[in-house]
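Report on the structure given below.
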Amino acid sequence: MTAPLFHMAAVLGVRVIHTDLTHLGRDGDYNARTNTIRLQEGMSRRLLRSVFAHELCHAVFGDVPSKFGPVNAKQERRADEWAALRLIEHDHYREVEHLRDGNLALMAQDLEVIDDIVKAYQRVLQRIGDAVYVEPRMGAGQYRHRVEAHG
């Protein structure tokens, strides 16, 4: 399940290092200057997938930490949503949401991501009338996915 992420990193020319980051209090980071992603060694599979995809987003956008909190917050939100859209398949999400009756922690386990990635996926959903849109945008036909809603 992480092979596509490693492939994407290779295509982007991003170096990936597994190392001990406990002294930094985080599970991963991206350095735009060196085009390197560092990942905490020994992470669970679902944490690894979530953190790796999140950090890949920073690489795609060339994010660098800012002195301004709102800029950092926007980058973090975008990275979680970007990761969610690449790690969660919509039909599987619908099935798991129904099966787990919307329990976030259980859904995250079934989807093999962390809770924050499920929350990010939920942020990109928009219900309009009898349909749910994934990542809707302004204009007719501007969305990633459309599903008829029931109830």
Side-chain angles (χ1 to χ4, degrees), residues 1-12 14 16-30 37-61 63 65-66 68-151:
M1 296 279 277
T2 58
L5 299 175
F6 281 102
H7 177 73
M8 185 180 296
V11 168
L12 293 169
V14 175
V16 179
I17 301 170
H18 294 269
T19 188
D20 184 10
L21 300 173
T22 53
H23 64 287
L24 298 174
R26 59 179 165 236
D27 294 313
D29 59 24
Y30 171 70
I37 291 175
R38 296 187 306 172
L39 299 169
Q40 175 63 41
E41 55 194 16
M43 287 189 285
S44 70
R45 180 174 154 158
R46 68 189 189 111
L47 181 58
L48 173 63
R49 290 180 72 231
S50 301
V51 172
F52 193 5
H54 173 102
E55 297 305 333
L56 272 173
C57 176
H58 290 311
V60 166
F61 286 94
D63 290 344
S66 171
F68 303 102
V71 171
N72 287 328
K74 182 178 180 180
Q75 289 176 352
E76 294 305 309
R77 180 182 169 119
R78 178 184 61 206
D80 278 349
E81 291 173 359
W82 189 93
L85 288 167
R86 278 139 191 91
L87 297 175
I88 298 173
E89 197 275 323
H90 190 70
D91 289 337
H92 190 208
Y93 172 85
R94 288 178 63 198
E95 176 185 312
V96 166
E97 182 182 47
H98 177 74
L99 177 69
R100 299 302 187 181
D101 198 28
N103 181 301
L104 187 76
L106 294 176
M107 290 171 60
Q109 288 178 11
D110 288 352
L111 294 167
E112 294 189 75
V113 295
I114 60 174
D115 295 7
D116 287 346
I117 299 299
V118 176
K119 289 178 197 172
Y121 190 78
Q122 291 172 338
R123 283 196 305 266
V124 302
L125 299 177
Q126 178 71 48
R127 182 171 179 156
I128 302 171
D130 292 331
V132 173
Y133 295 87
V134 178
E135 202 178 21
R137 304 220 187 266
M138 295 293 287
Q142 300 295 312
Y143 50 84
R144 181 181 291 263
H145 192 70
R146 179 182 187 276
V147 180
E148 291 300 316
H150 306 285

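Just so you know, these numbers come straight off a predicted model, no measurement behind them. Keep in mind that the numbers below use all heavy atoms, side chains included, and drop hydrogens, waters and symmetry copies. Sequence positions, counted from 1, serve as the residue numbers for this chain.
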### Message
Pairing donors with acceptors under 3.5 angstrom, does anything connect the side chains of E97 and Y93?
### Response
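A pair is found: one side chain offers a donor N or O, the other an acceptor, under 3.5 Å apart.
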### Task
Decide whether E81 and Y121 meet the rule of one side-chain donor and one side-chain acceptor closer than 3.5 Å.
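Absent: no donor and acceptor within the cut-off.
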Nearest 0.5 Å please: distance from the [atom1] atom of [X] over to the [atom2] atom of [Y].
X: I114; Y: L48; atom1: CD1; atom2: CG; value: 11.0 Å
X: H54; Y: D29; atom1: NE2; atom2: CG; value: 10.0 Å
X: L106; Y: L99; atom1: CG; atom2: CG; value: 9.0 Å
X: R86; Y: I117; atom1: CZ; atom2: CD1; value: 11.5 Å
X: F6; Y: F52; atom1: CZ; atom2: CZ; value: 4.5 Å

### Task
Compare every heavy atom of S50 with every heavy atom of A83, then report the nearest pair and how far apart it is.
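Closest heavy-atom pair between A83 and S50: CB-O, 4.4 Å.
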### Closest non-hydrogen atom pair, G28 against E55
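Minimum heavy-atom separation between G28 and E55: O-OE2, 3.3 Å.
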Does [X] use its side chain to pair, donor to acceptor, with the backbone of [Y] at less than 3.5 Å?
X: S44; Y: L47; answer: yes
X: N72; Y: S66; answer: yes
X: Q75; Y: H58; answer: no

### Cationic N near anionic O, under 4.0 Å, R78 to D63
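Yes, this pair counts.
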### Message
I'd like to check V51 versus Q40 (side-chain heavy atoms, cut-off strictly below 4.5 Å). Are they in contact?
### Response
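When only atoms from C-beta onward are counted, Q40 and V51 do not touch, as no gap falls below 4.5 Å.
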### Task
Any pair with a residue in residues 39-53 that passes salt bridge (Lys or Arg N to Asp or Glu O under 4.0 Å), sequence neighbours left out, goes on the list, sorted by first then second residue, please.
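Applying salt bridge (Lys or Arg N to Asp or Glu O under 4.0 Å) to every pair that reaches into residues 39-53, excluding sequence neighbours, yields R45-E112.
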### Message
Is the positively charged end of R38 above the ring of Y30, judged by distance under 6.0 angstrom from the centroid and angle within 45° of the axis?
### Response
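No - R38 does not lie over the ring of Y30 by the 6.0 Å and 45° rule.
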### Matching residue for V118 among V96, L87, L104 - test: side chain to side chain contact (heavy atoms under 4.5 Å, CB included)
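In the set V96, L87, L104, the residue that makes a side chain to side chain contact (heavy atoms under 4.5 Å, CB included) with V118 is L104.
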